[in-house]
Amino acid sequence: MPEKFNKILIANRGEIALRIIRTCREMGIKTVAIYSTADRESLHVRFADEAVCIGPPASADSYLSIPKIMAAVEITNADAVHPGYGFLSENADFAEICQDYGIKFIGPKPEQIRTMGDKITAKDTMIRAGVPTVPGDGSLLKNAEDGIQRARKMGYPVMIKATAGGGGKGMRIVRNQEEFTNLYESAQKEAKASFGNDGIYMEKYIVQPRHIEIQVIGDQYGKVIHLSERDCSVQRRHQKLLEECPSPFMTDDLRQRMGEAAIKAGEAINYEGVGTVEFLVDKDRNFYFMEMNTRIQVEHPVTEESIDHDLIKEQIKVAYGEKLSGKNYLPKGHVIECRINAEDPWNGFRPSPGKINSFHSSKGHGVRVDTHVYAGYTVSPFYDSMIAKLIVRAPTRAEAITKMERALDEFIVEGIKTTVPFHQWLLRQEDFRDGNFDTGWLGQQELPKG
């Protein structure tokens, strides 16, 4: 195993590519950026040591093209690939091809990705490991009628989910028999379009759940540790909008039990690398395994700021064979992250691509901004609409909310619509300030009109 990598190709774009480049530079590792023609002026292209254009704007012809990415690896003589999040980060075939070519994939092994990538296999694995799971046998539904028969025995409401799903796609809450068939068919259609797999399974729907996830990291020698929690319960249509640590719903006992369960989950598959075990937590603080994301997450800065660790550096060190100390980490102070998207929040969060005429990011003690945009940058319609992550750290939750309000007031983007006004509205809501919310809370609120 090498002491360190000489050159890492970053198979991604935007802020996460830039984030990885910064850590690599601090570690003395050279970097290769890949980019589509739409990203020619992106900062990750400018700051990497080398850059290779891999195709036109469409992701299928660039960031999702394994042959083009492997060609870039070969011509630049990179000895490792960091996939970031999204795109090919949880693609077991890509990880396997890297392995076959002697290129280190900075992440879990292909079989670990496959085990956790299929929701039914993942659930079976967790049951065997003794990790609590949502009621439901996890087997695929044969058709809508099969689902109706099972739902009668299980009791409504139920959640139907795509077995190959993620990002909230292929998921529907079914509250009664009359709406089952329509929701089943729409979920199946969405799953087929999004993942090329229309397999659907069903679980009991947990009423008023919190979405609390545990950050874990495992080394190549079977050791798994946890780095505490993130509360991701502020969601719109299963899409996270704000994350924080510690969770306002957390207790010391619950954190210990969830941390132990997350470690069991990682150990069950000999997990290597950084990953996140996601749980639903009901109003009585019973928790249930939902899924494991086998990659770095968008919201990883929340954990970094909470425990003062560079998770990208930890990923890289584990990938070239460094052992973990075995210590688990608990949060210090309070951290909140707001995702700033190029969307119009008062008009159904409609995407707002276009040129940024003016850009001023927030600054000050305890304020961090992860972004790839700048004045003059054009937000492309081809990719995810997130343009920045605004993260604040303070001694208490109340102080963190006040600091975030100040930071949002200073965050100026002109030329496009952003979700900054939404976050300003959110932080003023009494339920949020009191920590009194769940994953369905936002959908029950009446948002201002544009």
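Hydrogens, waters and symmetry mates play no part in the numbers below; they use all other heavy atoms, side chains included.
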Task: Check: D438 main-chain N/O paired with Q208 side-chain donor or acceptor under 3.5 Å - done: no
Open item on the list: For a quick check under 3.5 Å, do T276 and R230 share a side-chain donor-acceptor pair by atom type?
Closed with: yes
Open item on the list: Quick test of your reading: applying salt bridge (Lys or Arg N to Asp or Glu O under 4.0 Å), list the pairs with at least one residue in residues 310-319, sequence neighbours left out, ordered by first then second residue.
Closed with: R19-D310, E314-K317, K317-E322
- [ ] Ignoring hydrogens and angles, tell me if any N or O in the side chain of T396 forms a donor-acceptor pair with the backbone of E399 under 3.5 Å.
- [x] yes
Check: residues 356-367 side-chain donor-acceptor pairs under 3.5 Å, at least two apart:
unit_1: H360; atom_1: ND1; unit_2: E410; atom_2: O; d: 3.1
unit_1: S362; atom_1: OG; unit_2: A407; atom_2: O; d: 2.3
unit_1: K363; atom_1: NZ; unit_2: S361; atom_2: O; d: 3.3

TODO: Examine the side chains of D118 and T163 and answer whether a donor and an acceptor come within less than 3.5 Å of each other.
DONE: yes
Task: Sequence neighbours excluded - ring pair (Phe, Tyr, Trp, His ring centres under 6.0 Å) pairs with any residue from residues 9-55 - done: none
TODO: Using modelled atom types only, decide if a donor and an acceptor are shared between the side chain of Q112 and the backbone of N270 within a distance under 3.5 Å.
DONE: yes
Open item on the list: Could you check whether any side-chain N or O of E190 sits under 3.5 Å from a backbone N or O of G170, counting only pairs where one atom can act as donor and the other as acceptor?
Closed with: yes
Open item on the list: On a heavy-atom basis, which atom in V131 and which in A261 lie closest, and how many Å separate them?
Closed with: CG2-O, 3.6 Å
- [ ] Would you list the pairs meeting salt bridge (Lys or Arg N to Asp or Glu O under 4.0 Å) in which at least one residue belongs to residues 327-343, sequence neighbours left out?
- [x] E243-R339, E299-R339
Task: Heavy-atom closest contact (I160 atom, A187 atom, distance) - done: CD1-CB, 4.2 Å
TODO: Keeping the roles fixed (side chain from S62, backbone from G55), state whether a donor-acceptor pair exists under 3.5 Å.
DONE: no
Open item on the list: Looking at every heavy atom in both P248 and F437, which two are closest together, and how far apart are they?
Closed with: CG-CZ, 4.2 Å
Open item on the list: Using every non-hydrogen atom in the two residues, find where I54 and I34 come nearest and quote the distance to one decimal.
Closed with: CD1-CD1, 3.6 Å
Open item on the list: For M126 versus A268, what's the shortest heavy-atom pair and its separation?
Closed with: CE-CB, 4.5 Å
TODO: Using the six-membered ring of Y221, assess whether NZ or CZ of K323 lies under 6.0 Å from its centre and within 45 degrees of the ring axis.
DONE: yes
TODO: State whether a side-chain donor-acceptor pair under 3.5 Å links E244 with H334.
DONE: yes
Open item on the list: Give me each pair satisfying side-chain hydrogen bond (donor to acceptor under 3.5 Å, both in side chains) with a member in residues 90-101, each pair once, sequence neighbours excluded.
Closed with: E90-T294, E90-R295, D93-R114, E96-R114
- [ ] Would you mind listing every salt bridge (Lys or Arg N to Asp or Glu O under 4.0 Å) that reaches into residues 23-43, with sequence neighbours excluded?
- [x] R13-D39
Open item on the list: Under 3.5 Å, is there a donor on one side chain and an acceptor on the other for H211 and Q235?
Closed with: yes
Task: Straight-line distance of L140 CG to K119 NZ, nearest 0.5 Å - done: 12.5 Å
TODO: For residues 59-97, pull every pair meeting ring pair (Phe, Tyr, Trp, His ring centres under 6.0 Å), keeping only residues two or more places apart or in separate chains.
DONE: Y63-F87, Y63-Y383, F94-F105
- [ ] Output all residues satisfying side chain to side chain donor-acceptor pair (under 3.5 Å) with D370, sequence neighbours left out; order by chain, then residue number.
- [x] R368
Open item on the list: Check whether D79 reaches the backbone of N6 with its side chain - one donor and one acceptor, N or O, closer than 3.5 Å.
Closed with: yes
Open item on the list: According to salt bridge (Lys or Arg N to Asp or Glu O under 4.0 Å), who are the partners of K109, at least two apart in sequence or on a separate chain?
Closed with: E272
TODO: Please report the shortest heavy-atom distance between A394 and A400, naming the atom on each side.
DONE: CB-N, 3.5 Å
- [ ] Identify the residue among M290, K169, R172 that makes a side-chain contact (heavy atoms from CB on, under 4.5 Å) with K161.
- [x] M290
Task: Residue pair Y184 / Q188, side-chain donor-acceptor N/O under 3.5 Å - done: yes
Open item on the list: Before you tell me yes or no, could you show the steps for V81 and I8 under side-chain contact (heavy atoms from CB on, under 4.5 Å), namely the whole-Å CA-CA distance, both residues' side-chain angles and the distance that decides it to 0.1 Å?
Closed with: CA-CA 5 Å; V81 168; I8 295 174; 6.0 Å; no
Task: Intermediate values then yes/no, side chain to side chain donor-acceptor pair (under 3.5 Å), N436 and E430 - done: CA-CA 8 Å; N436 182 28; E430 185 177 345; over 6 Å; no
Task: Ring-face cation contact, F287 with R210, 6.0 Å cut, 45° max - done: no
- [ ] Give every residue pair that meets the salt bridge (Lys or Arg N to Asp or Glu O under 4.0 Å) criterion with at least one member in residues 46-75, sequence neighbours excluded.
- [x] K7-E50
Please tabulate, for the side chains in residues 442-450, all donor-acceptor contacts under 3.5 angstrom to protein atoms that are two or more places apart in sequence or on a different chain.
unit_1: Q445; atom_1: NE2; unit_2: W441; atom_2: O; d: 3.0

- [ ] Apply side chain to side chain donor-acceptor pair (under 3.5 Å) to S247 and list each qualifying residue two or more places apart in sequence or on a separate chain.
- [x] D231
